[in-house]
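To start, the structure under review is shown below, and the notes come after it.
Note that the coordinates shown come from a computational prediction; the quantities given were computed from them, not determined experimentally. Hydrogens, waters and symmetry mates are skipped; everything else that's a heavy atom, side chains included, is used.
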Amino acid sequence: MKSTLEIFNDLASLSRAASGWCVHNPNVSAAVYDRDGNFVAAGVHKKKVSNDHAEVVALKAAGSRAQGGTLYLSLEPCNHSGTTPACVDAIKASGIKKVVYAVSDPHPIARGGAEALKKSGIDVVHEKSEILEFEQRGWLHRITHGRPLITAKVGITLDGFIAATDGTSQWITSEESRHDVQYLRSQMGAIITSTETFLNDHPSLLPRVAGAAAPLRLVVGERDVQATGFTHIKSRESAPLIDFLNKEGINHALVEAGGVFLSALFRQNLIDELVIYQAPKLLGSGKKWVENLGIASLSQAMEWECIDSHRVGPDVKSHYRRVVK
């Protein structure tokens, strides 16, 4: 029989794989275990495919084997009827005797599922999980802060350049890093680039991963572009971009662009995370990945916490999140 930690690690993998499919909604994962502790079924929420929430997907797959069993959830079940009935009702009807969930629901309308289940006689346990909070952080950020989590991805040399002085940039990072980026893209609801980067590189920004959902692709800037399959936000201001992302219900967006556009977002405190692929190369001069931020002293420096760093082929991939003071 697996421990709760092991089950939550399994759920984290499911939530990660489903994150590109859950526009508007959280990338919830669920697993049903029978009364003897044996795995029965699992489910994730894929809004682009079905309105069924993860709990309902897992319980439908489990059928009668859910009777007397335990339901493990990445997020507290919803207690609200909207596009679908409240998940607490499906859990009550399934015969589940125990629910273990990892993250409390902060949504002002949908929260309260744990208390509703307790009142119905179901044993409910809140077992906090940092890994499941991390995997659902895009939706949690949108609910808490009113906008999507925004991650910037850059590929740089050891001395911090994204291109040589002649403008060449393909390829600074390795084939292994470029392959890894595809999985990063597959977890996003939207991918954003600037008109300058689009006109220079003509990127597709589509994740080359089997079974991945297609993210929204956005080009931001005032220059005219012919970008089939992209939405052009024809403005230098951030407000139209954020308004569009919120309207589309994007939880997590990725920015792949040059230093001018990235720096503008940095100055507006709109970059929440950084993913940096650093190649073992030196240029000495070239295009920087970040420009003037208006910082005059060390005391004004933006601070970042490294949450992961490891090798990808010959490169080093580092993942940072902004330290909010």
Practice task
Please name the pair of heavy atoms, one in L132 and one in L11, separated by the smallest distance, quoted to 0.1 Å.
Solution key: CD2-C, 3.9 Å
Practice task
List, by chain and number, the other hydrophobic cluster members for V56, where Ile, Leu, Val, Met, Phe, Trp and Tyr join if side-chain heavy atoms come within less than 4.5 Å, directly or indirectly.
Solution key: none
Completion exercise
The remaining residues in the hydrophobic cluster of V209, counting side-chain heavy-atom contacts under 4.5 Å among Ile, Leu, Val, Met, Phe, Trp and Tyr, are Y183
Fill in the blank from the handout: Residues P148 and H252: closest non-hydrogen pair is CB-N, 4.3 Å
Practice task
In plain terms, say whether K317 and D180 are close enough for a salt bridge, that is, a side-chain N and a carboxylate O under 4.0 Å apart.
Solution key: yes
Handout entry: Salt-bridge contact K234-D224 (side-chain N to carboxylate O under 4.0 Å)
Key = yes
Practice task
Share the residues that join L283 in a hydrophobic cluster, the rule being Ile, Leu, Val, Met, Phe, Trp or Tyr side chains under 4.5 Å apart at the heavy-atom level.
Solution key: F161
Exercise for the section: Would you mind listing every salt bridge (charged side-chain N to carboxylate O under 4.0 Å, His left out) that reaches into residues 1-24, with sequence neighbours excluded? Expected result: K2-D10, R16-E135
Problem - For F198, ring-ring contact (aromatic ring centres under 6.0 Å, His included) partners two or more places apart - result: H202, F230
Handout entry: Sequence-distant partners of E127, side-chain contact (heavy atoms from CB on, under 4.5 Å), two or more places apart
Key = T4, F8, V100, V125
Completion exercise
By side-chain hydrogen bond (donor to acceptor under 3.5 Å, both in side chains), T157 pairs with (sequence neighbours left out) D159
Practice task
I would like to know whether D315 and T173 meet side chain to side chain donor-acceptor pair (under 3.5 Å); could you show each step before the answer?
Solution key: CA-CA 7 Å; D315 306 330; T173 55; 4.7 Å; no
Exercise for the section: Sort and list the pairs that fulfil salt bridge (charged side-chain N to carboxylate O under 4.0 Å, His left out) and have at least one residue in residues 253-280, not counting sequence neighbours. Expected result: R137-E273, R147-D272, K153-E256, R185-E256
Handout entry: Distance-only side-chain donor-acceptor flag, E222 / T195, under 3.5 Å
Key = no
Problem - Sequence neighbours excluded, every pair satisfying side chain to side chain donor-acceptor pair (under 3.5 Å) that has a member inside residues 24-42 - result: S15-S29, N25-H45, D34-N38
Practice task
Return yes when atom NZ of K97 has more than 12 non-hydrogen atoms of other residues, nucleotides or ligands closer than 6.0 Å, and no otherwise.
Solution key: no
Side chains of residues 298-310: which donor-acceptor pairs under 3.5 Å do they make with residues two or more places apart or in other chains?
| residue | atom | partner | partner atom | Å |
| --- | --- | --- | --- | --- |
| S299 | OG | S297 | OG | 2.9 |
| Q300 | OE1 | A296 | N | 2.7 |
| Q300 | OE1 | S297 | N | 3.1 |
| E303 | OE2 | K325 | NZ | 3.3 |
| E305 | OE1 | R321 | NE | 3.1 |
| D308 | OD2 | H310 | ND1 | 2.8 |
| S309 | OG | S318 | OG | 3.1 |

N/O donor to acceptor pairs below 3.5 angstrom from side-chain atoms of residues 101-113, sequence neighbours left out:
| residue | atom | partner | partner atom | Å |
| --- | --- | --- | --- | --- |
| D105 | OD1 | H107 | N | 2.8 |
| H107 | ND1 | I109 | N | 3.1 |
| H107 | ND1 | A110 | N | 3.4 |

Handout entry: Co-members of the apolar cluster containing W171 [side chain, <4.5 Å]
Key = none
